[in-house]
Amino acid sequence: MLDKAYDPKPVEAARLASWDAARLGRSEPKDGKDPYVIVIPPPNVTGALHIGHALNNTLQDAFIRHNRMLGREACWVPGTDHGGIATQNVMEKQLKAEGKAKHDLGRDAFLERMQQWTRDCKATILGQLHRLGATLDLDREAFTMDEARGKAVYHAFKTLWERGLVYRGERLVNWCVRCGTALSDIEVEREERKGALYHIHYPLEGGGEGAVVATTRPITMFGDTAVAVNPKDKRWTHLVGKKVVIPLIDRAIPVVEDAYVDFEFGTGCLKVTPAHDQNDFEIGERHKLPSIKAITPDGKLSEAAGPYAGLSREKAQDAVVPDLEAKGYLRKKEDHKSAVQTCYRCASVIEPLLSLQWFVKQTELAKAPLAALDAGEFKIYPENWAKPYRDWLVNIKDWCVSRQIWWGHRIPVWYKDGEKPVVAESSPGAGWTQDPDVLDTWFSSALWPLAVFGWPEKTKDLAYYYPTSTLVTGYEILYLWVARMQMMGHAFMGKPAFPDAVIHGIVRDKSGKKMSKSLGNVVDPLVMMDKHGTDALRFALMHQAFPGKDIAFDEQSVVGARNFVNKLWNSTRFVLMNLPEAPKAYALGKDGLEAADLWILSRCQATLAKAKAALDVYDPAAAAGALYVFLWDEFCAWYIELAKGRLTGAEGPGKDAVRAVLVQVLSASLKALHPLMPFVTEELHAAIKPYAGESTDFILRGGYGGLTGDWSAPEIEKEMAKVMGAVTAIRSLRAQLNVPPGLKIKAFIDGPFAGALLGKHKAYALLLAQLESLEAGARPPQSATAVADGAAFYIPLAGVIDLGKERERLAKDLAKAESDIEKCEAKLRNISAAPNVPAEKLAEAREQRDSAAAKRDRLKETIAVLS
RNA sequence: GCCCAGUUGGCGCAGUGGUAGCGCGUUCCCUUGACAUGGGAAAGGUCAUAGGUUCAAAUCCUAUACUGGGCACCA
């Protein structure tokens, strides 16, 4: 016998142990069987997983289980990402806490420590995924920086080089002075900040009124190599060709004309700093201006800043502005909002900096993914992300792939004095030194779907599992990762890395704010699992995971899901209580079935189909919702109650028929729910499967099965809707008249549906409405009335009811009925007037109108009798 | 600035052309033998605004407002 309440801990532990022992996640190529493949978005080894990972991985596990149950060879590849800058930052913080810096350790010792950290972190992450019930193929665990992935990275870099798609050049790149490295364009975030626009006078060389430039960053003036004005701007024509002097350092620079300058903005004079601004860089190229670096890679002013050299950007700003003001150069200072670029890893302000970096050409690589998208060979779910994805590929810029950090794949290029650099998968020999920089962590991530299957080797796995099937990730890395995997997939395999990408939302806190450590609103998935169970957490997330939408996470939703799990537990418990102890299979047959049985079978079949269809299109919320409503509201609230009448009766074919329906519906539903809440469904299914005539050891191995036979019965569904409507009407009446729920009462019935309720459905009405008796008859005196679809009920309550109150109640019902009729008639008028409405629509509208009218008439009659 | 989503009862969200639903919350009643992690009942929304299409619009179209996001930006 099951306990009264579900206790997740022991069940989860036992199930995990049995799944592990059976190696349920294991996959191998199988001839003649379709593979279904997901590669995990490898979490960075920066710490433990958060609730967003729980969402991401629950989705994947649901899809994997679903497809495995559909008979595909499901393979879910686990792994972790070395995480480049992000992980190095974590380690630097740790070192700082110990009062050290990475240079104190030196590169080798630092990397050694990183490796140790990585080992610990991987264990934590894999442990959490295991706890979540993730059916990963653990034998395939990969790491973006392990040996096999290293080979793939070097091979890819070399191949791209050989195809002319890799180059080294001095370009203006996004430089994070805190992380001390270049970043690619998409690793930079923009945010609007309040600042000031400074109008600064650059006097004419030799004295006199010169140009007044407007700038948000006065400190870049030390890198100015020109002042530019628009050729059409008459105000400044007199200065063109002359020279002006940069204040404070007295360096003369030319005034040039360039159409880029917007004379509506600021003063119409633009200071040109080619080394620190993309647009200025381009102006510089056009006018062959020199570049002067005013800011060093560590974020300090350079020698070019004269007396300010060595100051940090912030300190320099605080020194330069007052000096300009004191010496009369500052003509004006106005409030100004400007977009500031920040590092996506540390949020510090990005410095555009001219430096020598490695790049991958993108335009060529983007062509195949674009074609695949247009041809429908690659789909994004939900599809509204397809356009941004497309736009990004169309407007793509070259990818800066070198990073000036230590943690990552060393760039596979070797240098030697007097020789050309050599790109190779290993050192060309003695005397050559390898490039000290490492590759962007996303370079190895981009190769993930290939590299996990052994690429560049032509392995059996690669042939069988590539392309993968579905990629599941958040929209924040659509370009950073998804697009690049497609580019690499096409470049090296000639096929998309996956035909489907599922883009899910972010888990936010309950008020919709992003979770962050600083806000203190982060939710730890492990805490949720400990408190409410893993199935509850999974179901709560899946229930709300509408395609592409963010989730406002409230612990209450987990409590709700926990209650649902408990409901399942208890409904199974009830079914088991009504089965003989000695297991015996109950197969579905037509014999002995009543309306309620046919109804629940029809509803069950429809629900299973809906859930399956929803998972097929990556809509777990729709699947979860359909199963939730079916199991709680239809199976538990109505069917089990309806079945009780026969279950308490004598043994016989009728009783066995009910048992068969209970067992089969429950079994099929548990299996349908299994991808979403694997633990409790496995546990409960194991308990009832002997009665369902099933013997497979795990749901995953047995598959869905479903109900045998076709049970669709729309007429029965309509009929049962009337029965339930009648019961609800009586219950409502009882509640309003304060009839104690336990008290059985007599009732009389009238109307077209009375025959059915007095005949085949009588037991249902007696049972669910707590009636002592139900008889045909007109309204007796001193009684209350409940009007349902097709029937009126009269409950004699001699001396108990208040006639005034009863009239009031009925008047309210009548008003509702009148308004219903009005709506129905309006619709009917519309439809009969319209030329192109199908006959069935017309009939349906008539039926609706007639039934509403009948209800009104019955109410009117009753009110007439009462007055 | 361009583009995309969203705007539905107190809160969080479904619903896509035919009389507005769910969860949580609220109110009332109930510990009847699956479950108080439960059962029954009730209150509460003219579906952002203004137009339009249609016999019929929360649902389609157009504008507007607000919110969120993506992209690109004038220093």
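Just so it is clear, the model here is predicted, and its values are computed rather than measured. Letters A, B, ... are given to chains in the order of the sequence lines, protein chains preceding strands, and every chain is numbered from 1.
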[X] side chain near [N] phosphate (N/O to OP1/OP2, under 4.0 Å):
X	N	result
A:R217	B:rA75	no
A:N395	B:rA72	no
A:W632	B:rG39	yes
A:K827	B:rU19	yes
A:K644	B:rU32	no

Using a 4.0 Å heavy-atom cut-off, does [X] contact any base of the nucleic acid, only the sugar-phosphate backbone, or nothing at all?
X	value
A:Y479	sugar-phosphate
A:K812	sugar-phosphate
A:V261	base

Within the 3.5 Å criterion, strictly below it, is a donor on A:Y381 or A:D619 matched to an acceptor on the partner's side chain?
no
Practice item. Can you label the angle between the A:Y475 ring and the A:W385 ring as parallel, tilted or perpendicular, going by 30° and 60°? Key: parallel
Separation of [N] [atom2] from [X] [atom1] (nearest whole Å):
X	N	atom1	atom2	result
A:I246	B:rA75	CD1	C1'	15 Å
A:I831	B:rA56	CD1	C1'	8 Å
A:F539	B:rC22	CZ	C1'	12 Å

Notebook entry, point to check: Would you call A:D185 and A:K397 a salt bridge, using N to O less than 4.0 angstrom?
Noted result: no
Got a list of side-chain donor-acceptor pairs under 3.5 Å for residues 562-569 of chain A, not counting sequence neighbours?
| unit_1 | atom_1 | unit_2 | atom_2 | d |
| --- | --- | --- | --- | --- |
| A:N566 | OD1 | A:N570 | ND2 | 3.3 |
| A:W569 | NE1 | A:D3 | O | 2.8 |

**Asked** Considering only the P atoms, how many Å lie between B:rG69 and B:rA57, rounded to the nearest integer?
**Response** 35 Å
If you measure from the C1' atom in B:rA20 to the same atom in B:rG9, how many Å do you get, rounded? 10 Å
Distance-only check: which donor-acceptor pairs under 3.5 Å involve side-chain atoms of residues 387-394 of chain A, not counting sequence neighbours?
| unit_1 | atom_1 | unit_2 | atom_2 | d |
| --- | --- | --- | --- | --- |
| A:R390 | NE | A:D374 | OD1 | 3.0 |
| A:R390 | NH2 | A:D374 | OD2 | 2.8 |

Exceeds 12 heavy-atom contacts within 6.0 angstrom, atom CD of A:E847: no
Side-chain donor-acceptor pairs under 3.5 Å in residues 818-826 of chain A, sequence neighbours left out?
| unit_1 | atom_1 | unit_2 | atom_2 | d |
| --- | --- | --- | --- | --- |
| A:S819 | OG | A:K816 | O | 3.3 |
| A:D820 | OD1 | A:K816 | NZ | 3.1 |
| A:D820 | OD2 | A:K816 | NZ | 3.3 |

Residues at least two apart in sequence or cross-chain that pass side-chain hydrogen bond (donor to acceptor under 3.5 Å, both in side chains) with A:E581, listed by chain then number, are none
B/S/- along nucleotides 4-15 of chain B (protein heavy atoms under 4.0 Å) is S-------SSS-
Applying the Watson-Crick and G-U criteria (both distances under 3.5 angstrom) with [ ] for crossing and | for other-strand pairs, one obtains for RNA chain B (((((((..((((....[..)))).(((((.......))))).....(((((..]....))))))))))))....
| said: Strictly distance-based, threshold 3.5 Å: is any side-chain N or O of A:E187 a donor or acceptor partner for the main-chain N or O of A:S184? | reply: yes
Judged by nearest nucleotide, the residue sitting upstream toward the 5' end of RNA chain B, A:K823 or A:Y475, is A:K823
